[in-house]
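Single-structure report; data block below.
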Amino acid sequence: WVGVSDRVAEKIIAYSETDEFKTDVLSSSPTLDRARVRIWQTLTCLAPRLSDPTADILAKALWLQLCTIHRKSVRLYLELCSFALLSAHRRHLALLLASLREQTSASPQVSASLVLVAAYLLTPDNDKLVLSPAECEELVWEVLPWLHHPHNFVRAIAHQATSGYLSHTGVWPGQSAEAQASKVMERGGPLLARDMAF
């Protein structure tokens, strides 16, 4: 199945990158939007079954689209595809980390998507985390600045991400909970003191 999945995914990704889909997403036709939805629905199903080289191709296309404005119907499947890809191909975490670092001033829609993917990776499933402890620590530090985001719903997702890690480990990475609480409160003031539970 891997070979078939790879060939199908590569054709779909190439199709999604044609000039037809480079139209401004907010002024494109309903037909084009539906096509985008079907593309990312299909890639979401294929992502866990891809070989490493094809997963690399998908990851680059996916992160580019995650950092682009889309209608919510399309964005839903971009986020689901991210979950599916990172669960099966963890090494693409580096692309997410780079996106987080570069997108702190992005639109609320893009910000929410990126932090939501991070929250998924930091939330334990059956008491197990998708990432290794070292990967979790790096991702938590990248998520912390998003607790300052001007939009409440982005802050809420960032809080869920950090809380998921905290509830699983009991401490912030590299420091005691008390020491990290003091540092974050000094940096963030009343917002973090009110929103974070240590």
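Computed from heavy atoms alone, side chains included, the values below leave out hydrogens, waters and symmetry copies. Since the structure is predicted, the reported quantities are computational estimates derived from the model, not experimental observations. Positions are given from 1, in the same order as the sequence printed here.
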(message) Is there a side-chain contact between Thr162 and Leu144 in this structure, where contact means two heavy atoms from C-beta onward sitting under 4.5 Å apart?
(response) yes

(request) Go through the steps to decide whether Leu139 and Leu96 satisfy the test side chain to side chain contact (heavy atoms under 4.5 Å, CB included), and finish with yes or no. (result) CA-CA 9 Å; Leu139 187 53; Leu96 174 60; 4.3 Å; yes

(message) Can a donor-acceptor pair be found, under 3.5 Å and without considering hydrogens, that links the side chain of Arg49 to the backbone of Cys45?
(response) yes

(message) Could you measure the distance from the OG atom of Ser73 to the CD atom of Gln41? Nearest 0.5 Å is fine.
(response) 9.5 Å

(request) Answer with yes or no whether the side chains of Ser87 and Tyr120 bring together a donor and an acceptor at under 3.5 Å. (result) yes

(request) Check the hydrophobic clustering (I, L, V, M, F, W, Y; side-chain heavy atoms under 4.5 Å; chains of links allowed) and say if Val115 and Phe153 are grouped together. (result) yes

(message) To the closest 0.5 Å, what do you measure between CG (Leu43) and CG (Leu80)?
(response) 12.5 Å

(message) Measuring from atom CG of Leu114 to atom CG of Leu97, what distance do you get when rounded to the nearest 0.5 angstrom?
(response) 11.0 Å

(request) Starting at CG of Leu62, measure out to SG of Cys81 and round the result to the nearest 0.5 Å. (result) 5.0 Å

(request) Check whether any side-chain heavy atom of Asp6 sits under 4.5 Å from a side-chain heavy atom of Pro53, and report yes or no. (result) no

(message) Rounded at 0.5 Å granularity, tell me how far OG in Ser99 sits from CD in Glu142.
(response) 10.5 Å

(message) Between the side chains of Glu17 and Arg36, is the shortest nitrogen-to-carboxylate-oxygen separation below 4.0 Å, so that they form an ion pair?
(response) no

(request) Could you tell me how the ring of His149 sits relative to the ring of Trp146: parallel (under 30°), tilted (30 to 60°) or perpendicular (over 60°)? (result) parallel

(request) Return the minimal non-hydrogen interatomic distance between His70 and Arg75, and the atom names on each side. (result) N-NH2, 3.8 Å

(request) Would you check if Leu66 and Val110 make a side-chain contact, meaning some heavy-atom pair closer than 4.5 Å? (result) no

(message) Side chains of Thr54 and Leu58, heavy atoms from C-beta outward: is any pair under 4.5 Å?
(response) no

(message) Using a strict threshold of under 4.0 Å (side-chain N to carboxylate O), is an ion pair present between Arg91 and Asp52?
(response) yes

(request) Please check if any side-chain donor atom of Asp56 sits under 3.5 Å from a side-chain acceptor atom of His92, or the reverse. (result) yes

(request) Please check if the side chain of Thr18 supplies one atom and the backbone of Tyr15 the other of a donor-acceptor pair under 3.5 Å. (result) yes

(request) Measure the spacing between CH2 of Trp63 and OG1 of Thr68 and express it to the nearest 0.5 Å. (result) 13.0 Å

(message) Give me the atom names and distance for the closest heavy-atom approach of Gln103 to Ser111.
(response) O-OG, 4.1 Å

(message) For Val117 versus Phe83, what's the shortest heavy-atom pair and its separation?
(response) CA-CE2, 3.7 Å

(request) Answer yes or no: is there a donor N or O on one side and an acceptor on the other, between the side chain of His159 and the main chain of Val154, under 3.5 Å? (result) no

(request) State, to 0.1 Å, how close Gln109 and Ile69 come at their nearest heavy-atom pair, and which atoms those are. (result) OE1-CA, 3.3 Å

(message) If we ignore hydrogens and angles and just use 3.5 Å, is the side chain of Glu135 paired with the main-chain N or O of Ser132 as donor and acceptor?
(response) yes

(message) Under a 3.5 Å distance rule, please check whether Ser163 uses its side chain to pair with a backbone N or O of Gln160 as donor and acceptor.
(response) no

(message) Could you check whether any side-chain heavy atom of Trp40 comes within less than 4.5 Å of a side-chain heavy atom of Leu76, counting everything from C-beta outward?
(response) no

(request) Over all heavy atoms of both residues, which pair between Ala161 and Val143 is shortest? Give the atoms and the distance, please. (result) CB-CG1, 4.0 Å

(message) Please find the pair of heavy atoms, one from Leu122 and one from Cys136, that lie closest to each other, and give the distance.
(response) CD2-O, 3.8 Å

